[in-house]
*Asks:* 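Okay, here's the structure, questions in a sec.
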Amino acid sequence: MTNRQIAEKLRHMAVFYEMDGVPFRPQAYEKAADAIDALGPDEPLDRLFAAKGRDGLRTVPGVGEGIAHHIEEMIRRGTFREYERMAAKYPVNLDELSGIEGVGPKTIKTLYQKLRIKDLAGLERAAAAGKIRGLPRFGAKTEANLIRSIELRRRSAGRRLLGDILPLARRIETELRGVRGVRHAVVAGSIRRRQETIGDIDILATAAGPERVMEKFIRLPEVAEVLEHGPTKTAVRLDNGVQADLRVIPEASYGAALQYFTGSKEHNVIVRKLAIARGLKLNEYGLWKSRKSVAARSEEDVYRAVGLDYIEPELRTASGEIEAAAAGGLPDLIPYGSVRGDLQVQTDWTDGSHSIADMAEAARRRGLEYLAVTDHTKALAMVGGLDEKKLARQGREIDALNRRLEKDGVNFRVLKGSEVDILRDGSLDLADAALKKLDMVGAAVHSHFHLSRSEQTARIIRAMKNPHVDIIFHPTGRVINKREPCDFDMEAVIKAAKATGTALEIDAAPDRLDLKDSHVRLAVRAGVKLVIDSDAHRPEHFDWLELGVAVARRGWAATKDVLNTGSYRDLKKWLSKAKNKREKGPRK
DNA sequence: GCCGTTTTCGGCCCGACTGTTTTCAGTCG
């Protein structure tokens with residue numbers, strides 16, 4: 001049993017206890033699950049148990065006598081008695097139901113006990129039949145909200161987050177590359193374009209012996225079911241429900257096939273029309289002049305042969321990239337790996353899992369040169385948001401850490417920051433005097449997501465006019481597949497960002513990606529500076545920065561558009577200049 | 001159920017908001 005599976009069962013257990021109103025245990029199980037997830041797949045608990053027994057398990061923070069017993073039982077037989085008892089009492093699909101916004105443990109319990117609702121389909125039927133509104137503490141409005149949440153869920157059904165699928169796709173890629181005779185094995189489709197959500201996994205391979213790579217593919221441990229199995233195309237369903245297709249094509253067609261299978265469909269339609277205009281025909285095997293292939297080896301060859309500069313996969317959305325490529329006007333996209341510091345990082349001062357020093361060390365190991373500690377502020381009492389006094393204390397800790405880093409000659413700096421809450425009226429939940437002492441202030445909306453468009457717009461703009469606010473974090477507040485973005489006038493906000501010298505964030509958390517690509521493009525066009533942040537709550541989240549760079553690239557951003565591609569010194573310079581501008585600028 | 005520079009028991013879950021109510025349960029993060 002993997003750590004992930006163990007953590008999942010513990011999380012379910014937390015929900016079960018919450019359903020029954022058991023105090024404190026849910027958080028204890030939650031905490032243990034977090035700690036186990038944090039171990040990652042490289043330190044499997046079953047190995048720890050084999051080596052050191054139950055006492056070994058208890059070295060994991062949050063795992064005590066009771067949970068260690070449960071883990072032991074899970075390692076032996078895949079489940080544990082208490083879990084089985086609760087699962088029998090509540091035979092419901094917890095993940096499906098709690099995936100709906102507004103549905104928590106208590107609602108799941110009521111739904112099951114009163115209406116025998118076990119899963120999403122059942123919930124949908126009951127809501128459509130108007131049965132929900134009759135339940136205690138449920139009304140017509142709640143029922144309507146539920147239906148809306150389910151619809152949102154369904155619209156995104158089958159589409160998974162890029163951040164969840166990308167590591168899996170890469171793993172498969174690597175496996176297939178290891179097969180004898182394979183020259184290329186590469187993920188194409190929406191993953192290669194780094195679209196924010198993914199329908200399936202398309203893999204392209206060239207190989208001397210196609211049978212071997214097909215065989216390897218259907219024998220991957222993740223494969224749950226083989227849907228199609230032929231000499232050039234094989235399709236499987238993976239254990240996570242995602243479909244994966246493998247196509248094997250001749251080496252000579254590699255470039256044309258990669259271009260064809262990368263898409264988007266709309267982009268390819270235009271490229272094919274260009275080919276036709278030149279008396280050529282483009283398909284996955286090549287670019288043809290009657291029966292002669294004129295370009296097929298590489299994508300560059302194909303694009304050049306139809307009169308275009310090479311177009312990066314992220315740009316292939318049929319939204320002006322072809323015209324730009326024809327005119328030699330494509331942007332010089334920000335390269336992967338060019339973010340030098342992370343400006344939104346949570347620590348164990350609030351809802352992060354690690355200390356400031358741990359996060360700094362983890363960031364440094366990933367090649368970053370600085371980070372900003374931006375714990376939540378007091379309005380988010382849920383996560384123990386910092387008040388002015390605690391923030392000052394945290395500042396002293398950061399000062400001490402920086403002194404230590406400097407003394408040790410470590411090229412890494414920690415900025416004193418904050419993720420300060422934008423209140424309903426656009427004021428902030430920390431006093432200016434406290435903000436003034438920080439190196440950097442990010443402001444964010446965490447409440448009142450449903451204000452009217454004009455109120456929401458005015459609220460955000462007012463926050464930007466505060467001279468201490470340097471960045472608006474995750475500006476739209478959306479959570480992909482779960483929460484709609486706030487309704488506000490993005491163009492007006494971008495205009496205000498330009499006027500106030502406020503940067504806008506690309507929050508790279510896989511389910512946020514906020515700003516999204518089209519907004520980034522607007523901001524870039526308006527000359528507004530961006531920052532790319534991981535929103536890390538634990539060290540491995542720094543890996544998300546790559547997803548933020550992908551969004552920036554999809555939004556046509558260059559290195560110069562993104563502040564944290566600069567050095568620590570450059571960033572500090574920009575911050576003080578922008579603040580100066582806000583302090584001197586016209587106040588309203 | 002876990003934990004300990006507030007230590008072996010008594011804290012931990014802090015508060016705003018929504019939608020339902022007529023005083024508050026449930027969700028959010």
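Naming: A, B, ... by sequence-line order, numbering from 1 per chain.
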*Asks:* From the options A/V528, A/I472, A/I494, select the one residue that forms a side chain to side chain contact (heavy atoms under 4.5 Å, CB included) with A/T502.
*Replies:*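 Between A/T502 and the candidates, side chain to side chain contact (heavy atoms under 4.5 Å, CB included) is satisfied uniquely by A/I472.
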*Asks:* With salt bridge (charged side-chain N to carboxylate O under 4.0 Å, His left out) as the test, pick out the partner of A/E388 among A/K437, A/R393, A/K378, A/K436.
*Replies:*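 Result: among A/K437, A/R393, A/K378, A/K436, A/K378 is the only option passing the salt bridge (charged side-chain N to carboxylate O under 4.0 Å, His left out) with A/E388.
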*Asks:* So does A/K390 pair up with A/D375, basic N to acidic O under 4.0 Å?
*Replies:*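 Looking at A/K390 and A/D375, the cut-off is not met.
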*Asks:* Considering all heavy atoms of both residues, which atom of A/L423 and which atom of A/L428 are nearest to each other, and what is their separation?
*Replies:* CD1-O, 3.8 Å
*Asks:* Take the angle between the ring planes of A/H446 and A/H376 and call it parallel below 30°, perpendicular above 60°, tilted in between.
*Replies:*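 Judged by the thresholds at 30° and 60°, the geometry between A/H446 and A/H376 is perpendicular.
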*Asks:* Give DNA chain B the dot-bracket treatment, 5' to 3': Watson-Crick (N1-N3 with N6-O4 or O6-N4) or G-U (N1-O2, O6-N3) under 3.5 Å, [ ] crossing, | other strand.
*Replies:* ((((....))))..(((((....))))).
*Asks:* Rounded to whole angstrom, note down the P distance from B/dC12 over to B/dG26.
*Replies:* 22 Å
*Asks:* If the C1' atom of B/dT6 is compared with that of B/dG10, how far apart are they to the nearest Å?
*Replies:* 11 Å
*Asks:* For DNA chain B, whose closest nucleotide is more 5', that of A/P26 or that of A/V479?
*Replies:* A/P26
*Asks:* Within 45° of the axis and under 6.0 Å from the centre of the six-membered ring of A/Y17, does NZ or CZ of A/R25 qualify?
*Replies:*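 Positive - A/R25 is close enough to the ring of A/Y17 and near enough to its axis.
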*Asks:* If the P atom of B/dT20 is compared with that of B/dG15, how far apart are they to the nearest Å?
*Replies:*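 The same atom, P, in both gives a distance of 26 Å.
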*Asks:* Calculate the interatomic distance between A/L386 atom CG and B/dC14 atom C1'; express it in whole Å.
*Replies:*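 Taking CG of A/L386 and C1' of B/dC14, I get 12 Å after rounding.
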*Asks:* Here's one to test your reading of the geometry: is the NZ or CZ of A/R116 within 45 degrees of the ring axis of A/Y112 and under 6.0 Å from its centre?
*Replies:* yes
*Asks:* Is it the case that over 12 heavy atoms from other parts of the model lie below 6.0 angstrom from the CD atom of A/E84?
*Replies:* yes
*Asks:* Would you mind building the protein contact string for nucleotides 1-9 of chain B? One character per nucleotide, 5' to 3', B for base within reach (heavy atoms under 4.0 Å), S for sugar-phosphate only, - for untouched.
*Replies:* BSS------
*Asks:* Could you tell me how far B/dG1 sits from B/dT5 if I compare only their C1' atoms? Round to whole Å.
*Replies:* 23 Å
*Asks:* Return no unless some side-chain N or O of A/H448 is found under 4.0 Å from OP1 or OP2 of B/dA16.
*Replies:* no
*Asks:* Rounding to a whole Å, what distance do you find between A/K378:NZ and B/dG15:C1'?
*Replies:* 13 Å
*Asks:* Could you tell me the separation between the CG atom of A/D429 and the P atom of B/dC17, rounded to a whole number of Å?
*Replies:* 12 Å
*Asks:* Assess whether a salt bridge exists between A/D34 and A/R11, defined as any Lys/Arg side-chain N lying under 4.0 Å from an Asp/Glu carboxylate O.
*Replies:*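 Yes, A/D34 and A/R11 are salt-bridged.
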*Asks:* Rounding to a whole Å, what distance do you find between A/R478:CZ and B/dC28:C1'?
*Replies:* 19 Å
*Asks:* Below 4.0 angstrom, N of the basic side chain to O of the carboxylate: do A/R76 and A/E72 qualify?
*Replies:*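 A salt bridge is present here (some side-chain N lies under 4.0 Å from a carboxylate O).
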*Asks:* What distance, rounded to whole Å, do you find between the two C1' atoms, one in B/dT18 and one in B/dT23?
*Replies:* 15 Å
*Asks:* Please report the distance, rounded to the nearest Å, between CG in A/D351 and P in B/dC28.
*Replies:*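 These atoms are roughly 15 Å apart.
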*Asks:* When you compare B/dT27 with B/dT21, how far apart are their P atoms, in angstrom units rounded to a whole number?
*Replies:*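 One P to the other, the span is 16 Å.
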*Asks:* Scan nucleotides 19-26 of chain B nucleotide by nucleotide, 5' to 3', and note B when protein non-hydrogen atoms come under 4.0 Å of the base, S if they reach only the sugar-phosphate, - if neither.
*Replies:* BS---BSS
*Asks:* Pick base, sugar-phosphate or nothing for A/H446, based on heavy-atom distances below 4.0 Å to the nucleic acid.
*Replies:* nothing
*Asks:* Under 3.5 Å, is there a donor-acceptor pair between the A/H448 and A/E455 side chains?
*Replies:* no
*Asks:* Between A/E196 and A/R478, is there a salt bridge with N-O shorter than 4.0 Å?
*Replies:* yes
